[in-house]
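Notes to accompany the following structure.
Counting starts at 1 for both ligands and their atoms, following the listed order. Atom set for the values below is all heavy atoms of this structure, side chains included, hydrogens, waters and symmetry mates excluded. Residues: numbered from 1 along the sequence shown.
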Amino acid sequence: MAINLQIKELFSKAEELSQTETEAQVQGWIKTRRDSKGISFIELNDGSCLSNLQILVVEEKLPDGLLEKLTTGSAISVNGILKKSLGKGQIIELYCENLELLGTADPETYPLQKKRHTNEFLRTISHLRPRTNTFGAVFRTRSLLSYAVHEYFNEKGFVHLHSPIITSSDCEGAGSMFQVTILPLDNVPKIEASGPDKGKIDYSKDFFSTPTYLTVSGQLEGELFAQALKNIYTFGPTFRAENSNTPRHLAEFWMIEPEMAFCDLMQDSKIAEEFLKYVITKVLNKGLEDLKFFNEWVEKGIIDSLEKLIKADFARITYTEAIKILESSGKKFEFPCTWGSDLQTEHERFLSEEYIKGPVFVMDYPKEIKAFYMRLNDDQKTVAAMDLLVPRLGEIIGGSQREERLDILEQKIIDNNLPIDHYSWYLDTRRFGSTPHAGFGLGFERLVMYITGMQNIRDVIPFPRTPGNASIN
Ligand code: 4AD
Ligand code: MG
(Lines give C-alpha, C1' and ligand atoms only; values in the text may rest on other atoms or scores of the structure.)
(Ligands and ions follow the chains in the order given, each with its own letter.)
Protein backbone atom coordinates (compact mmCIF):
# COMPACT_ATOMS: atom_id res chain seq x y z
CA MET A 1 0.00 0.00 0.00
CA ALA A 2 1.31 3.42 -0.95
CA ILE A 3 1.51 5.94 1.90
CA ASN A 4 -0.51 9.10 1.35
CA LEU A 5 1.01 11.97 3.27
CA GLN A 6 1.08 15.72 3.10
CA ILE A 7 4.36 16.99 1.69
CA LYS A 8 5.22 18.52 5.08
CA GLU A 9 4.99 15.09 6.70
CA LEU A 10 7.05 13.52 3.93
CA PHE A 11 9.80 16.03 4.53
CA SER A 12 9.67 15.56 8.28
CA LYS A 13 10.26 11.84 7.73
CA ALA A 14 12.69 12.41 4.87
CA GLU A 15 15.78 10.95 6.53
CA GLU A 16 13.98 7.74 7.32
CA LEU A 17 12.21 7.56 3.97
CA SER A 18 15.41 8.14 2.03
CA GLN A 19 16.82 4.90 3.44
CA THR A 20 14.11 2.74 1.88
CA GLU A 21 12.33 2.97 -1.43
CA THR A 22 8.78 3.61 -0.26
CA GLU A 23 5.72 3.72 -2.47
CA ALA A 24 3.84 6.98 -1.96
CA GLN A 25 0.92 8.98 -3.29
CA VAL A 26 0.87 12.79 -3.17
CA GLN A 27 -1.53 15.43 -4.39
CA GLY A 28 -0.97 19.09 -5.04
CA TRP A 29 -0.63 21.94 -7.50
CA ILE A 30 2.21 22.30 -9.97
CA LYS A 31 4.48 25.25 -9.19
CA THR A 32 6.81 24.72 -12.13
CA ARG A 33 7.75 22.10 -14.70
CA ARG A 34 11.10 21.78 -16.42
CA ASP A 35 11.81 19.24 -19.14
CA SER A 36 15.28 17.90 -19.82
CA LYS A 37 16.42 14.94 -21.90
CA GLY A 38 13.23 12.94 -21.69
CA ILE A 39 12.71 13.61 -17.97
CA SER A 40 10.27 16.13 -16.65
CA PHE A 41 10.94 17.73 -13.27
CA ILE A 42 7.79 18.90 -11.52
CA GLU A 43 7.86 21.07 -8.41
CA LEU A 44 4.72 20.15 -6.51
CA ASN A 45 3.23 22.08 -3.59
CA ASP A 46 0.24 21.03 -1.51
CA GLY A 47 0.04 24.01 0.83
CA SER A 48 1.18 22.06 3.89
CA CYS A 49 4.58 23.73 3.85
CA LEU A 50 6.64 26.19 1.86
CA SER A 51 8.91 23.61 0.23
CA ASN A 52 7.95 21.80 -2.94
CA LEU A 53 8.40 18.12 -3.56
CA GLN A 54 10.32 17.35 -6.73
CA ILE A 55 8.71 14.75 -8.95
CA LEU A 56 10.59 13.03 -11.73
CA VAL A 57 8.51 11.91 -14.65
CA VAL A 58 9.85 9.82 -17.52
CA GLU A 59 8.10 11.53 -20.39
CA GLU A 60 7.59 8.45 -22.51
CA LYS A 61 5.75 6.73 -19.65
CA LEU A 62 2.98 9.36 -19.84
CA PRO A 63 -0.02 8.90 -22.12
CA ASP A 64 0.15 10.98 -25.30
CA GLY A 65 -0.71 14.65 -24.87
CA LEU A 66 -0.62 14.65 -21.06
CA LEU A 67 2.77 16.32 -20.57
CA GLU A 68 1.71 19.56 -22.31
CA LYS A 69 -1.23 19.86 -19.94
CA LEU A 70 0.95 19.70 -16.82
CA THR A 71 1.22 23.45 -16.51
CA THR A 72 1.71 25.77 -13.56
CA GLY A 73 -1.36 25.80 -11.32
CA SER A 74 -2.86 22.51 -12.42
CA ALA A 75 -3.85 19.93 -9.81
CA ILE A 76 -2.41 16.44 -9.98
CA SER A 77 -2.25 13.20 -8.06
CA VAL A 78 0.94 11.18 -8.35
CA ASN A 79 1.87 7.66 -7.36
CA GLY A 80 5.50 6.74 -7.27
CA ILE A 81 8.55 5.68 -5.34
CA LEU A 82 10.30 7.97 -2.86
CA LYS A 83 14.04 7.93 -3.32
CA LYS A 84 17.04 9.70 -1.91
CA SER A 85 17.57 12.83 -3.94
CA LEU A 86 20.70 13.19 -6.00
CA GLY A 87 20.18 16.91 -6.44
CA LYS A 88 20.98 19.66 -3.94
CA GLY A 89 18.38 21.22 -1.63
CA GLN A 90 16.14 18.24 -1.03
CA ILE A 91 16.59 14.93 0.69
CA ILE A 92 13.93 12.96 -1.12
CA GLU A 93 12.11 13.09 -4.42
CA LEU A 94 9.32 11.10 -5.97
CA TYR A 95 9.83 8.95 -9.07
CA CYS A 96 6.50 8.99 -10.83
CA GLU A 97 4.85 5.68 -11.73
CA ASN A 98 1.40 6.98 -12.42
CA LEU A 99 0.10 10.53 -12.77
CA GLU A 100 -3.49 11.73 -12.86
CA LEU A 101 -4.39 15.23 -13.98
CA LEU A 102 -7.27 16.38 -11.76
CA GLY A 103 -7.71 20.00 -12.79
CA THR A 104 -6.06 21.88 -15.63
CA ALA A 105 -4.95 25.52 -15.48
CA ASP A 106 -4.80 27.24 -18.85
CA PRO A 107 -1.35 28.90 -19.04
CA GLU A 108 -2.80 31.71 -21.17
CA THR A 109 -5.22 32.78 -18.43
CA TYR A 110 -3.73 31.47 -15.16
CA PRO A 111 -3.23 34.71 -13.21
CA LEU A 112 -0.15 33.67 -11.22
CA GLN A 113 2.67 34.20 -13.64
CA LYS A 114 6.27 33.61 -12.70
CA LYS A 115 7.01 37.26 -11.98
CA ARG A 116 6.47 38.76 -8.53
CA HIS A 117 2.96 40.15 -8.09
CA THR A 118 1.98 43.02 -5.84
CA ASN A 119 -0.02 42.24 -2.71
CA GLU A 120 -2.73 44.59 -4.00
CA PHE A 121 -3.11 42.55 -7.17
CA LEU A 122 -3.12 39.28 -5.25
CA ARG A 123 -6.01 40.55 -3.08
CA THR A 124 -8.12 40.58 -6.22
CA ILE A 125 -7.66 36.83 -6.70
CA SER A 126 -8.68 35.45 -3.32
CA HIS A 127 -8.51 31.78 -4.18
CA LEU A 128 -5.07 31.95 -5.75
CA ARG A 129 -3.55 34.36 -3.24
CA PRO A 130 -2.81 31.57 -0.73
CA ARG A 131 -1.02 29.55 -3.42
CA THR A 132 1.81 32.06 -3.46
CA ASN A 133 4.79 31.52 -1.18
CA THR A 134 4.09 34.67 0.82
CA PHE A 135 0.42 34.09 1.49
CA GLY A 136 0.77 30.37 2.06
CA ALA A 137 3.31 31.25 4.75
CA VAL A 138 1.08 33.99 6.22
CA PHE A 139 -1.95 31.76 6.58
CA ARG A 140 -0.03 28.81 7.96
CA THR A 141 1.54 31.15 10.52
CA ARG A 142 -1.89 32.57 11.36
CA SER A 143 -3.20 29.07 11.96
CA LEU A 144 -0.23 28.11 14.13
CA LEU A 145 -0.71 31.28 16.18
CA SER A 146 -4.38 30.54 16.68
CA TYR A 147 -3.47 27.11 17.99
CA ALA A 148 -0.83 28.62 20.28
CA VAL A 149 -3.38 31.05 21.73
CA HIS A 150 -5.69 28.22 22.76
CA GLU A 151 -2.77 26.16 23.98
CA TYR A 152 -1.51 28.95 26.25
CA PHE A 153 -4.85 29.58 27.90
CA ASN A 154 -5.66 25.91 28.18
CA GLU A 155 -2.33 25.24 29.89
CA LYS A 156 -3.01 28.09 32.31
CA GLY A 157 -6.47 26.80 33.20
CA PHE A 158 -8.49 29.56 31.49
CA VAL A 159 -12.00 28.67 30.35
CA HIS A 160 -12.72 29.40 26.69
CA LEU A 161 -15.91 31.44 26.48
CA HIS A 162 -17.92 31.90 23.30
CA SER A 163 -19.24 35.42 23.63
CA PRO A 164 -22.14 36.49 21.42
CA ILE A 165 -21.68 38.19 18.07
CA ILE A 166 -25.02 40.00 18.21
CA THR A 167 -25.36 42.41 21.10
CA SER A 168 -27.55 45.27 22.25
CA SER A 169 -24.82 47.23 24.06
CA ASP A 170 -21.77 49.12 22.93
CA CYS A 171 -18.78 47.80 24.87
CA GLU A 172 -16.30 50.48 23.93
CA GLY A 173 -18.91 53.24 24.06
CA ALA A 174 -17.46 54.63 20.86
CA GLY A 175 -20.66 54.26 18.86
CA SER A 176 -18.96 52.71 15.82
CA MET A 177 -21.18 49.66 15.52
CA PHE A 178 -22.84 47.87 12.62
CA GLN A 179 -26.55 47.63 13.19
CA VAL A 180 -28.29 44.27 12.78
CA THR A 181 -31.89 44.60 11.66
CA ILE A 182 -34.60 42.92 9.62
CA LEU A 183 -36.66 46.12 9.34
CA PRO A 184 -37.24 47.07 5.68
CA LEU A 185 -34.83 49.94 5.05
CA ASP A 186 -37.06 51.50 2.42
CA ASN A 187 -40.09 51.50 4.69
CA VAL A 188 -39.01 51.57 8.32
CA PRO A 189 -41.97 51.24 10.75
CA LYS A 190 -42.45 54.30 12.96
CA ILE A 191 -44.21 54.67 16.30
CA GLU A 192 -47.66 56.05 15.59
CA ALA A 193 -49.11 56.46 19.09
CA SER A 194 -48.91 60.03 20.31
CA GLY A 195 -46.31 60.71 22.98
CA PRO A 196 -42.63 61.66 23.17
CA ASP A 197 -41.63 58.68 20.96
CA LYS A 198 -44.07 59.41 18.13
CA GLY A 199 -42.30 59.19 14.76
CA LYS A 200 -39.27 57.30 16.10
CA ILE A 201 -38.33 53.88 14.70
CA ASP A 202 -40.58 51.14 16.09
CA TYR A 203 -38.07 48.53 17.22
CA SER A 204 -40.81 46.37 18.68
CA LYS A 205 -41.22 45.23 15.06
CA ASP A 206 -37.54 44.32 14.68
CA PHE A 207 -36.27 40.76 15.15
CA PHE A 208 -35.05 41.21 18.73
CA SER A 209 -37.62 43.92 19.63
CA THR A 210 -34.72 46.23 20.40
CA PRO A 211 -31.85 47.79 18.40
CA THR A 212 -29.01 45.28 18.00
CA TYR A 213 -25.47 45.41 16.64
CA LEU A 214 -22.47 43.29 15.74
CA THR A 215 -20.20 43.18 18.77
CA VAL A 216 -17.15 45.44 19.00
CA SER A 217 -15.74 43.32 21.83
CA GLY A 218 -16.67 40.29 23.93
CA GLN A 219 -15.32 41.91 27.06
CA LEU A 220 -18.50 42.80 28.94
CA GLU A 221 -19.87 39.29 28.53
CA GLY A 222 -16.42 37.96 29.45
CA GLU A 223 -16.56 39.94 32.69
CA LEU A 224 -19.82 38.21 33.65
CA PHE A 225 -18.28 34.78 33.34
CA ALA A 226 -15.02 35.80 35.03
CA GLN A 227 -17.20 36.58 38.05
CA ALA A 228 -17.93 32.86 38.29
CA LEU A 229 -15.14 30.96 36.50
CA LYS A 230 -12.31 33.32 37.53
CA ASN A 231 -10.13 33.14 34.41
CA ILE A 232 -11.76 33.09 30.98
CA TYR A 233 -10.85 34.13 27.47
CA THR A 234 -12.75 34.78 24.28
CA PHE A 235 -11.38 34.51 20.75
CA GLY A 236 -13.77 35.63 18.10
CA PRO A 237 -14.61 38.07 15.35
CA THR A 238 -15.35 41.68 16.28
CA PHE A 239 -16.70 44.45 14.13
CA ARG A 240 -16.07 48.18 13.99
CA ALA A 241 -17.83 50.56 11.66
CA GLU A 242 -15.04 53.16 11.93
CA ASN A 243 -14.14 54.85 8.71
CA SER A 244 -10.45 54.09 9.25
CA ASN A 245 -8.82 53.29 5.95
CA THR A 246 -5.37 52.55 7.35
CA PRO A 247 -2.97 49.61 7.01
CA ARG A 248 -3.78 48.73 10.66
CA HIS A 249 -7.58 48.78 10.75
CA LEU A 250 -10.21 46.31 9.61
CA ALA A 251 -13.97 46.53 9.92
CA GLU A 252 -14.02 42.83 10.85
CA PHE A 253 -11.12 41.54 12.89
CA TRP A 254 -10.45 38.81 15.43
CA MET A 255 -9.71 39.57 19.02
CA ILE A 256 -8.45 37.52 21.95
CA GLU A 257 -9.82 38.81 25.24
CA PRO A 258 -8.84 37.20 28.53
CA GLU A 259 -10.59 38.37 31.69
CA MET A 260 -9.32 37.56 35.17
CA ALA A 261 -11.13 37.96 38.49
CA PHE A 262 -9.04 38.87 41.55
CA CYS A 263 -6.52 40.58 39.28
CA ASP A 264 -5.10 44.09 39.15
CA LEU A 265 -3.51 46.09 36.34
CA MET A 266 0.07 45.02 37.08
CA GLN A 267 -0.85 41.32 37.09
CA ASP A 268 -2.87 41.91 33.93
CA SER A 269 0.19 43.33 32.17
CA LYS A 270 2.33 40.40 33.36
CA ILE A 271 -0.12 37.91 31.87
CA ALA A 272 -0.18 39.86 28.61
CA GLU A 273 3.61 39.80 28.49
CA GLU A 274 3.86 36.09 29.26
CA PHE A 275 1.14 35.27 26.73
CA LEU A 276 2.76 37.24 23.92
CA LYS A 277 6.13 35.63 24.57
CA TYR A 278 4.51 32.20 24.63
CA VAL A 279 2.83 32.48 21.23
CA ILE A 280 5.92 34.01 19.62
CA THR A 281 8.10 31.23 21.03
CA LYS A 282 5.69 28.72 19.54
CA VAL A 283 6.09 30.21 16.06
CA LEU A 284 9.86 30.36 16.45
CA ASN A 285 9.84 26.66 17.32
CA LYS A 286 7.15 25.28 15.06
CA GLY A 287 6.88 27.75 12.21
CA LEU A 288 10.53 28.39 11.44
CA GLU A 289 10.43 27.50 7.75
CA ASP A 290 7.83 30.19 7.10
CA LEU A 291 9.54 32.65 9.46
CA LYS A 292 12.79 32.24 7.53
CA PHE A 293 10.88 33.11 4.40
CA PHE A 294 9.54 36.33 6.01
CA ASN A 295 13.03 37.07 7.26
CA GLU A 296 14.41 36.90 3.75
CA TRP A 297 11.60 38.35 1.64
CA VAL A 298 9.28 40.42 3.81
CA GLU A 299 11.10 41.96 6.78
CA LYS A 300 14.82 41.52 7.11
CA GLY A 301 15.92 40.79 10.67
CA ILE A 302 12.49 39.76 11.91
CA ILE A 303 13.65 36.49 13.46
CA ASP A 304 16.29 38.35 15.41
CA SER A 305 13.77 40.90 16.67
CA LEU A 306 11.32 38.16 17.76
CA GLU A 307 14.09 36.31 19.55
CA LYS A 308 15.05 39.54 21.33
CA LEU A 309 11.45 40.15 22.31
CA ILE A 310 10.95 36.81 24.02
CA LYS A 311 14.05 37.39 26.13
CA ALA A 312 13.36 41.06 26.99
CA ASP A 313 11.64 42.45 30.07
CA PHE A 314 8.89 44.69 28.69
CA ALA A 315 9.18 48.30 29.85
CA ARG A 316 6.34 49.97 31.78
CA ILE A 317 5.78 53.72 31.83
CA THR A 318 2.80 55.89 32.70
CA TYR A 319 0.92 57.93 30.17
CA THR A 320 2.12 61.07 31.96
CA GLU A 321 5.75 59.94 31.53
CA ALA A 322 5.04 59.09 27.88
CA ILE A 323 3.79 62.61 27.22
CA LYS A 324 6.90 64.11 28.86
CA ILE A 325 9.13 61.90 26.69
CA LEU A 326 7.25 62.91 23.54
CA GLU A 327 7.26 66.61 24.43
CA SER A 328 10.99 66.66 25.09
CA SER A 329 11.88 64.43 22.12
CA GLY A 330 12.44 67.37 19.79
CA LYS A 331 10.67 65.36 17.12
CA LYS A 332 8.12 66.95 14.78
CA PHE A 333 4.90 64.97 14.90
CA GLU A 334 1.94 65.41 12.57
CA PHE A 335 -0.48 65.39 15.52
CA PRO A 336 0.16 67.37 18.70
CA CYS A 337 0.53 65.49 21.95
CA THR A 338 -0.22 67.25 25.15
CA TRP A 339 -1.52 65.76 28.39
CA GLY A 340 -5.12 64.74 27.74
CA SER A 341 -4.82 63.91 24.05
CA ASP A 342 -4.86 60.35 22.74
CA LEU A 343 -1.62 58.87 21.45
CA GLN A 344 -1.48 58.49 17.68
CA THR A 345 0.36 55.69 15.86
CA GLU A 346 3.33 58.03 15.19
CA HIS A 347 3.65 58.69 18.96
CA GLU A 348 3.24 55.02 19.81
CA ARG A 349 5.87 54.00 17.31
CA PHE A 350 8.30 56.66 18.49
CA LEU A 351 7.96 55.47 22.08
CA SER A 352 8.52 51.77 21.33
CA GLU A 353 10.75 51.96 18.25
CA GLU A 354 13.03 54.88 19.01
CA TYR A 355 12.84 55.62 22.72
CA ILE A 356 12.39 52.27 24.48
CA LYS A 357 13.60 50.21 21.47
CA GLY A 358 11.30 47.37 22.41
CA PRO A 359 7.81 46.63 23.71
CA VAL A 360 6.44 49.08 26.26
CA PHE A 361 3.28 49.17 28.35
CA VAL A 362 1.87 52.65 28.70
CA MET A 363 -0.38 52.79 31.77
CA ASP A 364 -2.81 55.10 33.55
CA TYR A 365 -4.38 57.18 30.80
CA PRO A 366 -6.61 60.23 31.31
CA LYS A 367 -10.13 59.01 32.02
CA GLU A 368 -11.62 61.21 29.27
CA ILE A 369 -9.93 59.30 26.44
CA LYS A 370 -10.68 55.78 27.65
CA ALA A 371 -13.79 53.59 27.88
CA PHE A 372 -16.30 53.88 30.73
CA TYR A 373 -15.53 50.53 32.35
CA MET A 374 -11.93 51.30 33.29
CA ARG A 375 -11.11 51.68 36.98
CA LEU A 376 -10.75 55.23 38.26
CA ASN A 377 -7.37 55.79 39.92
CA ASP A 378 -7.01 57.57 43.27
CA ASP A 379 -5.88 60.77 41.51
CA GLN A 380 -9.45 60.94 40.08
CA LYS A 381 -7.93 62.00 36.74
CA THR A 382 -6.58 58.78 35.28
CA VAL A 383 -7.87 55.25 34.85
CA ALA A 384 -6.09 51.88 35.25
CA ALA A 385 -5.65 51.36 31.52
CA MET A 386 -2.73 49.80 29.67
CA ASP A 387 -1.74 49.71 26.02
CA LEU A 388 1.13 47.55 24.86
CA LEU A 389 3.10 49.30 22.12
CA VAL A 390 5.54 47.44 19.91
CA PRO A 391 8.06 48.57 17.27
CA ARG A 392 6.82 48.69 13.63
CA LEU A 393 3.17 48.67 14.68
CA GLY A 394 2.27 50.76 17.71
CA GLU A 395 -0.67 49.45 19.78
CA ILE A 396 -1.04 45.69 19.72
CA ILE A 397 -2.88 45.17 23.04
CA GLY A 398 -5.36 47.36 24.90
CA GLY A 399 -6.50 46.43 28.38
CA SER A 400 -7.43 47.65 31.83
CA GLN A 401 -8.43 46.93 35.37
CA ARG A 402 -12.21 47.26 35.47
CA GLU A 403 -14.22 49.53 37.74
CA GLU A 404 -15.60 47.11 40.33
CA ARG A 405 -17.30 49.77 42.52
CA LEU A 406 -20.96 50.00 41.61
CA ASP A 407 -21.56 53.67 42.44
CA ILE A 408 -18.50 54.89 40.52
CA LEU A 409 -19.32 52.68 37.54
CA GLU A 410 -22.90 53.97 37.39
CA GLN A 411 -21.63 57.53 37.46
CA LYS A 412 -19.17 56.80 34.63
CA ILE A 413 -21.91 55.35 32.44
CA ILE A 414 -23.95 58.50 32.99
CA ASP A 415 -20.93 60.77 32.40
CA ASN A 416 -20.27 58.94 29.11
CA ASN A 417 -23.85 59.57 27.96
CA LEU A 418 -24.57 55.86 27.68
CA PRO A 419 -28.13 54.56 28.24
CA ILE A 420 -27.82 53.14 31.75
CA ASP A 421 -30.89 50.89 31.43
CA HIS A 422 -29.03 48.92 28.72
CA TYR A 423 -26.29 48.02 31.19
CA SER A 424 -28.31 46.63 34.13
CA TRP A 425 -27.11 43.09 33.35
CA TYR A 426 -23.55 44.36 33.48
CA LEU A 427 -24.01 46.43 36.63
CA ASP A 428 -25.40 43.36 38.41
CA THR A 429 -21.87 41.89 38.42
CA ARG A 430 -20.96 44.71 40.81
CA ARG A 431 -23.91 43.96 43.06
CA PHE A 432 -23.31 40.36 44.05
CA GLY A 433 -19.76 39.47 45.01
CA SER A 434 -17.95 42.06 42.92
CA THR A 435 -14.19 41.47 42.63
CA PRO A 436 -11.20 43.47 41.49
CA HIS A 437 -10.72 42.20 37.95
CA ALA A 438 -8.84 43.00 34.77
CA GLY A 439 -8.31 41.87 31.21
CA PHE A 440 -7.04 42.88 27.82
CA GLY A 441 -7.69 42.54 24.12
CA LEU A 442 -5.09 41.46 21.59
CA GLY A 443 -5.92 42.22 17.97
CA PHE A 444 -5.18 38.91 16.26
CA GLU A 445 -4.36 40.43 12.85
CA ARG A 446 -2.00 42.95 14.48
CA LEU A 447 -0.22 39.98 16.06
CA VAL A 448 0.02 38.18 12.70
CA MET A 449 1.39 41.40 11.14
CA TYR A 450 3.92 41.75 13.90
CA ILE A 451 5.20 38.19 13.53
CA THR A 452 5.22 37.99 9.74
CA GLY A 453 6.37 41.56 9.05
CA MET A 454 3.48 42.06 6.63
CA GLN A 455 2.82 45.79 6.30
CA ASN A 456 -0.88 45.80 5.52
CA ILE A 457 -3.51 44.24 7.76
CA ARG A 458 -5.53 43.27 4.66
CA ASP A 459 -2.79 40.78 3.85
CA VAL A 460 -3.03 38.75 7.05
CA ILE A 461 -6.77 37.97 7.01
CA PRO A 462 -8.31 35.65 4.38
CA PHE A 463 -11.13 38.02 3.33
CA PRO A 464 -10.51 41.60 4.45
CA ARG A 465 -13.49 43.84 5.21
CA THR A 466 -12.69 47.53 5.02
CA PRO A 467 -14.72 50.65 4.27
CA GLY A 468 -16.17 50.22 0.78
CA ASN A 469 -15.11 46.59 0.45
CA ALA A 470 -16.89 43.41 1.51
CA SER A 471 -16.66 41.50 -1.73
CA ILE A 472 -15.16 38.05 -1.82
CA ASN A 473 -12.00 39.66 -3.13
O1 4AD B 1 -8.11 48.78 22.43
P2 4AD B 1 -9.36 48.05 22.04
O3 4AD B 1 -10.45 48.82 21.41
O4 4AD B 1 -9.86 47.33 23.38
C5 4AD B 1 -11.01 46.62 23.53
O6 4AD B 1 -11.79 46.32 22.67
C7 4AD B 1 -11.17 46.08 24.94
N8 4AD B 1 -12.56 45.66 25.09
C9 4AD B 1 -10.19 44.96 25.17
C10 4AD B 1 -10.28 44.38 26.57
O11 4AD B 1 -9.84 45.00 27.50
N12 4AD B 1 -10.86 43.21 26.71
O13 4AD B 1 -8.98 46.85 21.06
C14 4AD B 1 -8.05 45.85 21.48
C15 4AD B 1 -7.07 45.55 20.35
C16 4AD B 1 -6.21 46.72 19.94
O17 4AD B 1 -5.10 46.87 20.78
C18 4AD B 1 -5.81 46.32 18.53
O19 4AD B 1 -4.76 45.37 18.56
C20 4AD B 1 -7.05 45.61 18.03
O21 4AD B 1 -7.77 45.18 19.17
N22 4AD B 1 -7.91 46.48 17.21
C23 4AD B 1 -8.04 46.37 15.88
N24 4AD B 1 -7.46 45.54 15.00
C25 4AD B 1 -7.80 45.68 13.70
N26 4AD B 1 -8.70 46.57 13.23
C27 4AD B 1 -9.31 47.44 14.09
N28 4AD B 1 -10.21 48.31 13.62
C29 4AD B 1 -8.98 47.36 15.48
N30 4AD B 1 -9.40 48.02 16.57
C31 4AD B 1 -8.74 47.46 17.62
MG1 MG C 1 -7.16 50.54 22.20
Side-chain angles (χ1 to χ4, degrees), residues 142 145 149 153 158 161 163 167 169-178 214-226 231-261 263 265 268-269 271-272 275-276 279 319 342-345 347-348 352 359-363 365-366 369-375 383-390 392-403 426 437-451 454 456-461 464-467:
R142 185 180 164 113
L145 270 170
V149 167
F153 287 118
F158 281 62
L161 181 78
S163 48
T167 168
S169 43
D170 181 0
C171 171
E172 293 305 302
S176 47
M177 296 194 293
F178 290 100
L214 295 179
T215 187
V216 295
S217 155
Q219 177 197 320
L220 302 188
E221 292 86 353
E223 282 186 56
L224 266 60
F225 272 71
N231 290 343
I232 65 93
Y233 73 105
T234 69
F235 186 175
T238 48
F239 307 87
R240 303 214 176 161
E242 305 160 334
N243 201 4
S244 307
N245 236 326
T246 81
R248 287 180 188 77
H249 288 89
L250 289 165
E252 177 180 290
F253 64 99
W254 288 66
M255 188 158 43
I256 296 131
E257 294 185 280
E259 189 70 34
M260 291 79 68
C263 180
L265 187 68
D268 191 26
S269 72
I271 293 168
F275 163 60
L276 199 62
V279 295
Y319 167 88
D342 209 355
L343 299 181
Q344 304 295 325
T345 303
H347 308 133
E348 294 174 342
S352 61
V360 53
F361 285 103
V362 178
M363 302 167 118
Y365 284 72
I369 57 171
K370 288 291 184 187
F372 72 94
Y373 52 72
M374 297 191 183
R375 191 179 197 277
V383 285
M386 63 172 200
D387 278 1
L388 177 64
L389 316 180
V390 290
R392 290 190 274 116
L393 211 67
E395 179 189 340
I396 189 165
I397 285 178
S400 62
Q401 186 172 337
R402 322 306 189 189
E403 183 54 76
Y426 180 65
H437 63 289
F440 61 86
L442 167 73
F444 189 51
E445 285 73 23
R446 301 246 179 122
L447 175 68
V448 182
M449 283 175 83
Y450 186 69
I451 290 175
M454 296 298 282
N456 194 317
I457 199 162
R458 294 164 180 80
D459 294 326
V460 298
I461 188 163
R465 271 82 184 90
T466 48

**OP:** Taking both backbone and side-chain atoms into account, decide whether Glu395 has an N/O/S atom under 2.8 Å from the Mg ion (ligand 2).
**Re:** yes

Subject >> Any donor-acceptor N or O pair under 3.5 Å, side chains Gln219, Tyr373 >> reply: yes

**OP:** Anything with a heavy atom under 4.0 Å from ligand 1 counts, so go ahead and list those protein residues by chain and number.
**Re:** Glu172, Ser217, Gln219, Arg240, Glu242, Arg248, His249, Leu250, Phe253, Met255, Glu257, Tyr373, Glu395, Ile396, Ile397, Gly398, Gly399, Arg402, Gly439, Phe440, Gly441, Gly443, Arg446, Ile457

**OP:** Calculate, to the nearest 0.5 Å, the distance between atoms CD1 and CG belonging to Ile397 and Asp268 respectively.
**Re:** 9.0 Å

Original post:
Considering residues, nucleotides and ligands other than Phe225, do more than 12 of their heavy atoms fall under 6.0 Å from its CZ?
Top reply: no

Subject >> Partners meeting side chain to side chain contact (heavy atoms under 4.5 Å, CB included) with Thr234 (sequence neighbours left out) >> reply: Leu161, Ser163, Ile232, Glu257

Subject >> Spacing of Arg458 atom CZ and Arg465 atom CZ [to the nearest 0.5 Å] >> reply: 12.5 Å

Subject >> Axial cation check for Phe444 ring with Arg142, 6.0 Å and 45° limits >> reply: no

